Amino acid sequence: MATVTTQSHAYPPMLLDAAIALHDGQLHIAEPLLKGYLKQDPFDARAIRMLAELAGRIGRNQDAENLLRRALELAPAFTAARANLALVLYRQNRAPEALVELDELLATEPDHIGHANLKAAALGRLGGFDAAIALYERVLAAAPDQPRVWMSYGHMLKTVGRQTDGVDAYRRAIAAEPTLGEAWWSLANLKTVRFTDADLTAMAAARAGTDLVEDDALHLDFALGKAYEDRGDADIAFAHYAAGNAMRRAQLGYDPQLLTDMVDAMIAVATPDFFAARAGWGCRAPDAIFILGMPRAGSTLIEQILSSHSQVEGTTELPDLPAMVRRVSGYPAGLAALTAEDAAGLGEEYLRRAAVQRRSGRPFFIDKLPNNWLHVALIRLILPHARIIDARRDPRACCFSNFKQHFARGQAFSYGLDDMGRYYRDYVRLMAHLDHVLPGQVIRVIHEELVDAPEAGIRALLDRLDLPFEPACLSFHETERAVRTASSEQVRKPIFRGGDAAWRPFAPHLGPLEAALGDVVDHYPLAPRFG
């Protein structure tokens with residue numbers, strides 16, 4: 001039987017060099033060292049775990065998972081590998097599986113703050129907010145000097161509507177670590193906090209620090225942008241927004257042409273003949289209501305209105321459909337190769353996955369992941385009785401609102417004005433095609449019309465969804481539920497129209513956005529004729 005090496009043994013020189021390179025972020029040095037070492041000793045679980053960590057850092061989460069499972073097969077008591085596995089599962093939106101690993105870790109290391117913090121995050125992702133908050137409180141009672149735990153606690157409090165407590169938690173994080181940019185941004189992102197002169201001085205001092213890491217710097221720029229915007233200084237605010245966006249875009253390396261090519265391919269697949277040949281396919285359950293479109297287009301408002309109805313449950317931006325898409329070979333052209341059995345199976349799988357987030361027993365639930373606009377054809381194929389709502393907002397107002405927003409994850413298009421204009425244009429182009437191919441099957445809600453005449457808009461929307469009118473939908477801001485998006489505090493207040501003009505003071509800076517949008521601006525809310 002092969003000898004299994006774990007962390008209890010001294011590091012050989014090659015493995016030590018790899019560990020140092022990994023610690024210093026020199027992945028190009030660490031990778032060949034680790035692979036070379038594993039050729040000599042393929043049973044060293046420490047090296048396998050390090051290679052898994054390297055894979056995780058470059059986004060190869062499935063490779064990381066496979067390696068970590070191999071490390072644990074060789075060394076079941078290797079807690080560092082198990083902790084890495086829990087994190088990789090969490091990153092893949094597999095919170096139930098992550099919780100299994102975390103419970104085993106906490107049984108061995110009950111006082112480990114990292115394990116408890118990740119468990120609380122996983123509980124929150126599954127809607128277990130009360131349990132997550134209780135866990136954060138237990139951790140912070142035992143170890144109060146944990147700025148990032150205070151910040152995570154603040155996120156959870158914000159989600160359940162405890163805004164004052166959330167602000168206090170963010171302030172505790174900042175007091176412990178004044179350069180923690182994400183905590184400053186979290187305060188700004190509440191949209192209800194107005195920074196004081198002392199706050200502005202503290203943020204500026206933190207931003208000027210010479211040893212500031214990039215993530216703190218960009219979060220501080222977004223927060224400073226919001227602070228100066230609130231004070232009416234659009235030029236300084238835009239400079240900070242632009243700096244934060246430039247750093248984030250460089251990190252992500254977004255290529256807008258990939259989306260344009262995807263939309264072209266989807267239009268080529270989603271023809272009238274495609275849907276006619278597949279009539280009657282898919283899972284017939286009507287449970288799902290998809291709210292999709294651009295982020296910052298009013299989707300959370302629509303979700304809050306509908307979640308106030310006795311028959312509709314709000315969940316969150318579910319990651320399940322994009323995860324399933326990745327398994328369709330050659331997507332979107334690969335949709336043509338699916339069988340009727342495949343389509344029904346995918347629809348049933350989606351409902352099983354979404355069931356993790358359903359708790360109320362109401363007959364309908366909402367998935368409000370905006371990016372699902374790219375997958376309307378798949379939704380129609382696998383869930384033909386699902387309702388689909390396209391939340392649409394004026395392109396300049398919507399895109400600038402995205403530019404001001406630092407998203408926790410995803411939305412890589414939103415960090416460049418020209419990228420965003422192209423993204424909005426591609427979104428409108430595909431939706432216009434689907435309106436032609438699937439007439440009347442996508443319900444479009446124009447944000448400005450809804451906020452100008454809410455009762456008429458809400459009644460019309462409920463009618464399109466075949467739901468009876470309920471007065472609670474008009475007083476949606478009184479509905480108590482967890483909201484996990486950037487609009488969490490805004491939808492807890494009555495409708496306010498003023499945000500739609502927020503882009504106007506910044507108009508002199510928005511030339512690249514206007515150019516990329518082209519005639520989409522002139523035709524809004526309709527779509528221009530695309531060639």
Side-chain angles (χ1 to χ4, degrees), residues 147-148 151 154-155 158 170 173-174 177-196 199-256 294-296 370 396-424 485-490 499 502-513 516:
R148 293 186 181 275
M151 183 174 67
H155 296 339
K158 179 198 78 165
Y170 292 143
I174 290 165
E177 189 176 332
T179 60
L180 185 54
E182 188 180 346
W184 285 110
W185 165 243
S186 297
L187 282 175
N189 197 31
L190 288 169
K191 310 295 194 294
T192 56
V193 171
R194 292 295 178 266
F195 289 116
T196 65
D199 289 332
L200 202 61
T201 299
M203 282 192 285
R207 182 65 183 87
T210 56
D211 58 348
L212 198 65
V213 299
E214 190 172 65
D215 274 356
D216 285 329
L218 68 89
H219 278 106
L220 281 162
D221 272 321
F222 278 102
L224 284 162
K226 179 66 166 59
Y228 279 106
E229 182 182 2
D230 288 344
R231 290 167 179 243
D233 197 329
D235 291 338
I236 296 179
F238 185 82
H240 281 290
Y241 285 140
N245 275 286
M247 278 186 280
R248 187 64 175 138
R249 190 187 188 285
Q251 288 178 346
L252 297 173
Y254 177 73
D255 182 356
M294 288 285 294
R296 311 296 296 150
R396 289 166 297 193
C398 183
C399 290
F400 183 65
S401 185
N402 275 276
F403 191 70
K404 298 190 299 180
Q405 184 71 41
H406 181 268
F407 294 94
R409 59 184 180 278
Q411 318 309 359
F413 68 89
S414 70
Y415 300 103
L417 290 171
D418 49 352
D419 292 341
M420 196 143 32
R422 284 189 62 174
Y423 186 95
Y424 190 105
T485 67
S487 304
S488 60
E489 296 312 310
Q490 292 163 297
W503 66 273
R504 294 186 183 278
F506 296 87
H509 302 285
L510 303 184
L513 173 62

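For clarity, every value in this text was computed on a predicted model and none was experimentally measured.
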Does the side chain of [Y] come within less than 4.5 Å of [X]'s, by heavy atoms?
X	Y	answer
Leu513	Asp418	no
Met247	Asp221	yes
Tyr228	Leu200	yes
Ile174	Leu187	yes
Arg248	Phe407	no
Phe195	Trp184	yes
Arg148	Glu177	yes
Asn245	Phe222	yes

Taking all non-hydrogen atoms of both residues into account, name the closest pair between [X] and [Y] and its distance.
X	Y	result
Gly225	Ala237	O-CB, 3.3 Å
Tyr170	His155	OH-ND1, 2.8 Å
Pro178	Ala206	O-CB, 3.8 Å
Asp216	Gly181	OD1-N, 3.0 Å
Gln411	Pro370	NE2-CG, 4.5 Å
Pro256	Arg422	CG-NH1, 3.7 Å

> With a 4.0 Å cut-off, would you call Lys226 and Asp230 a salt bridge?
Replying inline: yes
> Among all residues two or more places apart in sequence or in another chain, which pass the ring pair (Phe, Tyr, Trp, His ring centres under 6.0 Å) test with Tyr241?
Replying inline: none
> Taking the six-membered ring for Trp, is the centroid-to-centroid distance between Phe238 and Phe400 below 6.0 Å?
Replying inline: no
Got a second to check how far [X]'s [atom1] is from [Y]'s [atom2], nearest 0.5 Å?
X	Y	atom1	atom2	value
Phe506	Leu417	CZ	CG	11.5 Å
Leu180	Met151	CG	CE	5.0 Å
Thr192	Arg194	OG1	CZ	7.5 Å
Glu229	His240	CD	NE2	12.5 Å
Phe413	Arg249	CZ	CZ	12.5 Å
Arg296	Cys399	CZ	SG	12.5 Å

>> Quick one, Leu224 with Arg207, criterion side-chain contact (heavy atoms from CB on, under 4.5 Å). Give me CA distance, side-chain angles, the key distance, then yes/no.
In response: CA-CA 9 Å; Leu224 284 162; Arg207 182 65 183 87; 4.1 Å; yes
>> Quick one, Lys158 with Leu190, criterion side-chain contact (heavy atoms from CB on, under 4.5 Å). Give me CA distance, side-chain angles, the key distance, then yes/no.
In response: CA-CA 8 Å; Lys158 179 198 78 165; Leu190 288 169; 3.4 Å; yes
>> Could you check whether Asn189 and Ser186, counting side-chain N and O atoms only, form a donor-acceptor pair closer than 3.5 Å?
In response: no
